[in-house]
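Below, chain A is the first sequence line, B the second, and so on; all start at residue 1.
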Number of protein chains: 4
Amino acid sequence: MPRPRFDKLTPERREEILDVAASEFAARGFEAASLNRILERLGLSKGAAYYYFDGKQDLFAAVVEAAGQKVLDAVDWDRLEGAPDFWLEIDRVLVALSQLFAEDQRLAGLARAVATMGGRASQALSSINEQSETFWERLLAIGRARGAVRDDVPTRLLQHALQGMFQGIDRYDTTAGDERRHGQLASRMAVDFMRRMSESAGTGPRNRTP
Amino acid sequence: MPRPRFDKLTPERREEILDVAASEFAARGFEAASLNRILERLGLSKGAAYYYFDGKQDLFAAVVEAAGQKVLDAVDWDRLEGAPDFWLEIDRVLVALSQLFAEDQRLAGLARAVATMGGRASQALSSINEQSETFWERLLAIGRARGAVRDDVPTRLLQHALQGMFQGIDRYDTTAGDERRHGQLASRMAVDFMRRMSESAGTGPRNRTP
Amino acid sequence: MPRPRFDKLTPERREEILDVAASEFAARGFEAASLNRILERLGLSKGAAYYYFDGKQDLFAAVVEAAGQKVLDAVDWDRLEGAPDFWLEIDRVLVALSQLFAEDQRLAGLARAVATMGGRASQALSSINEQSETFWERLLAIGRARGAVRDDVPTRLLQHALQGMFQGIDRYDTTAGDERRHGQLASRMAVDFMRRMSESAGTGPRNRTP
Amino acid sequence: MPRPRFDKLTPERREEILDVAASEFAARGFEAASLNRILERLGLSKGAAYYYFDGKQDLFAAVVEAAGQKVLDAVDWDRLEGAPDFWLEIDRVLVALSQLFAEDQRLAGLARAVATMGGRASQALSSINEQSETFWERLLAIGRARGAVRDDVPTRLLQHALQGMFQGIDRYDTTAGDERRHGQLASRMAVDFMRRMSESAGTGPRNRTP
DNA sequence: AATGAATGAGATTTCATTCAT
DNA sequence: TATGAATGAAATCTCATTCAT
């Protein structure tokens, strides 16, 4: 994770650095991404880079954390907690997220890049995983408290299954021909899949997707 | 894809080559895998390698295709087609597959490696994608013919969603602590998720998982 | 030079081999040309290639010699010897040659490739140089016997200067934009340059080019 | 072309680098030259090389440009412009150049190397071609302004023909046995050839070479 | 607080040639 | 006569990282 010094930079510079790095990582994946290229595009010296970050992995971690924060912030947790119909609200949440992903093309790429790292990135990604788990745990916990989400399956298992399902849809989206229509359909189906996977039995009518 | 010459090698050598390469690709992903390391471990000269394969990507494609074939072969398609209860048979199929994955640890790694390549590997992976689509299309087509699989969603979208879900579960499996018990649970849950995602409405009782 | 065995091949095969090799050498120059690529395109095995030729240089020599023979054969030496006006006949000769070069695009490329080798190709090119010298010596000797070509400069020097000049024009031709018109102009100017360089003083009017 | 950083090296180091590289390129031509060998001889690490240059072609371009500059600097343009007898002055210029080439053996080799690249080196050699054209355009423009150089032929055509002729003489020079005497003769003849090729008709007596 | 020169290992790939069969 | 498997050196280039200043 970035050294404390990194926070002393102006917010603009900080954001620019993470921005450019995000583009590279998202476009090429962690391994194929080139630190050199990132720094060149940034006009940042090698020395400076290693002054702020501990290396390539550390920069990657910072980038992904920032992206994760964006996702966390895009959800109105209080509203979700208080919503009368959990699944209806989830629908809103996912629509918001899919808009976020549509606006910031790098998010999907980063998600893919993280998935790639697998077991390899030992320490660097621990914070990322925590963050990711936070998101799902929070979301599923709320659902469970409402009795909307099944409790016959470990949270982490459900989380990974959902996460994977979303990534699969993302991959479909990426390779689909007619982009606009597919994007909408994919987003709608994602909600449907999520509900089917997570809903506790007997919660309500079988199929809410019109 | 490997040059025709490759097929002239003894089956043992062929398998050994694909085996070692599979280990490397599965363990590190495509980008981070080192062709050098593979050849070194094989005692194969660089020249020979390029005599049989067109390059790193080509070798990767061969490795993945062989793995894919294993998966295809693990399914008894005729039996699936004739089974009285589709979902019951699917359960058997997935159990078989999860055993296959458990036995050959590299399979999951390869699946991850393929997922990683994303758009980058253009031509080299076309055959792989075909193979993968073949598997799912076949499976879903049978399910649809039986009226067991919903038809309100494009096959490819469903395929990707399912594929991603399984990968998510695999990732859960990989990082879970108590391996044995989790593996079984995960496998059982995978069937449940798949059924929930794919089942056509009104097919039967809501939740078959006891 | 090709081993005697080479002559035992059918003329068609012989020509095909030299043809394909000529394309490669002409297109890439000697160093960058790939023997592998040539053999692949020919469907000729490595073993066979080394059975007929002594190696890359040897093949190159054979290719160039064949090309040189074409050039030698394109000149009607008897007619040149008996022509009433030497320079008028040279004009015809050069037009014929420039047509030959226009028809067989590889000739110019080969000429360039030979020029490249410089001192390096020690033995392999000796025959080529002999051939080349034969051409010019013959041509200049006739001109001298007629009193049309100056004799205050060593033949070999004149030869190299002329050869170089032609190559220069060839290079101009290659890079010129409007191909058709330039080709004609270049060919016409080549004769003019050659005459100016070679004509003995006081042979006639200053400028025959209309 | 070398990155700006290259100019920050000490002049000595800069010259040494270009020197060693020039030797290799001149001796073997571009394709056969080995970047590895150059760096080894220089005691320069690969990384450093690519820190200063963009690659082999880039280094080559730098080498040739430096050489070209030497040639341009060897001509006293002002004096040529003001000389009472253009061709007499050209004689001086060419003698100076032939001395330059005699002193720096690599120059001719480099000229040959450049000629070799032909169409292949697309962008890398654009600056070199400009430089070369500058030299000839300048020289011929002065001659034309004086009425000494014919204007019935495009400058670039004349330029290439002259350039080729000089290279031919250089090749003669290289392969000639008795070096000293030939060199002088060749230099003298080069002037004669150039004049014959370029002189506008009716400028003066037919043959100035005694 | 920052620079940027330098490293050197390692990447993938291509080459001409040999030789057992 | 002919094959084609095998070699291994060498090619160009990129990488993340270090460190003296």
| message | When you measure from the side-chain N and O atoms of D:Asn36 to the phosphate of F:dA11, is any distance below 4.0 Å, counting only OP1 and OP2? | response | yes
| said: At 4.0 Å (heavy atoms only), tell me whether D:Gly47 reaches a base, stays on the sugar-phosphate, or touches nothing. | reply: base
| query | Quick one: which of F:dA16, E:dC15, F:dA6 gets closest to the side chain of C:Ser34? | reply | E:dC15
| task | Scan C:Arg5 against the nucleic acid and name what it touches under 4.0 Å (heavy atoms): base, sugar-phosphate only, or nothing. | result | nothing
| Looking only at side-chain N and O atoms, does A:Lys56 come under 4.0 Å of OP1 or OP2 in F:dA16? | yes
| query | Picking from E:dA2, E:dA6, F:dT12, which would you name as closest to the side chain of A:Tyr52? | reply | E:dA2
| query | Does F:dT14 have OP1 or OP2 sitting under 4.0 Å from an N or O in the side chain of D:Tyr50? | reply | no
| query | Would you call B:Asp19 and B:Arg106 a salt bridge, using N to O less than 4.0 angstrom? | reply | yes
| query | Does the side chain of B:Ser45 get closer than 4.0 angstrom to OP1 or OP2 of F:dG8 through an N or O atom? | reply | no
| So does B:Arg13 pair up with B:Glu16, basic N to acidic O under 4.0 Å? | yes
| query | Relative to the 5' end of DNA chain E, which residue comes earlier, B:Leu39 or A:Leu44, by the nucleotide with the nearest heavy atom? | reply | A:Leu44
| Phosphate OP1/OP2 of E:dA1: any A:Tyr51 side-chain N/O under 4.0 Å | yes
| said: Considering every strand and a 4.0 Å limit on heavy-atom distances, what is the contact class for A:Ala49: base, sugar-phosphate, or nothing? | reply: nothing
| request: Look at the side chain of C:Lys46 against the base of E:dT17 and say whether a donor-acceptor pair falls under 3.5 Å; ignore hydrogens and angles. | output: yes
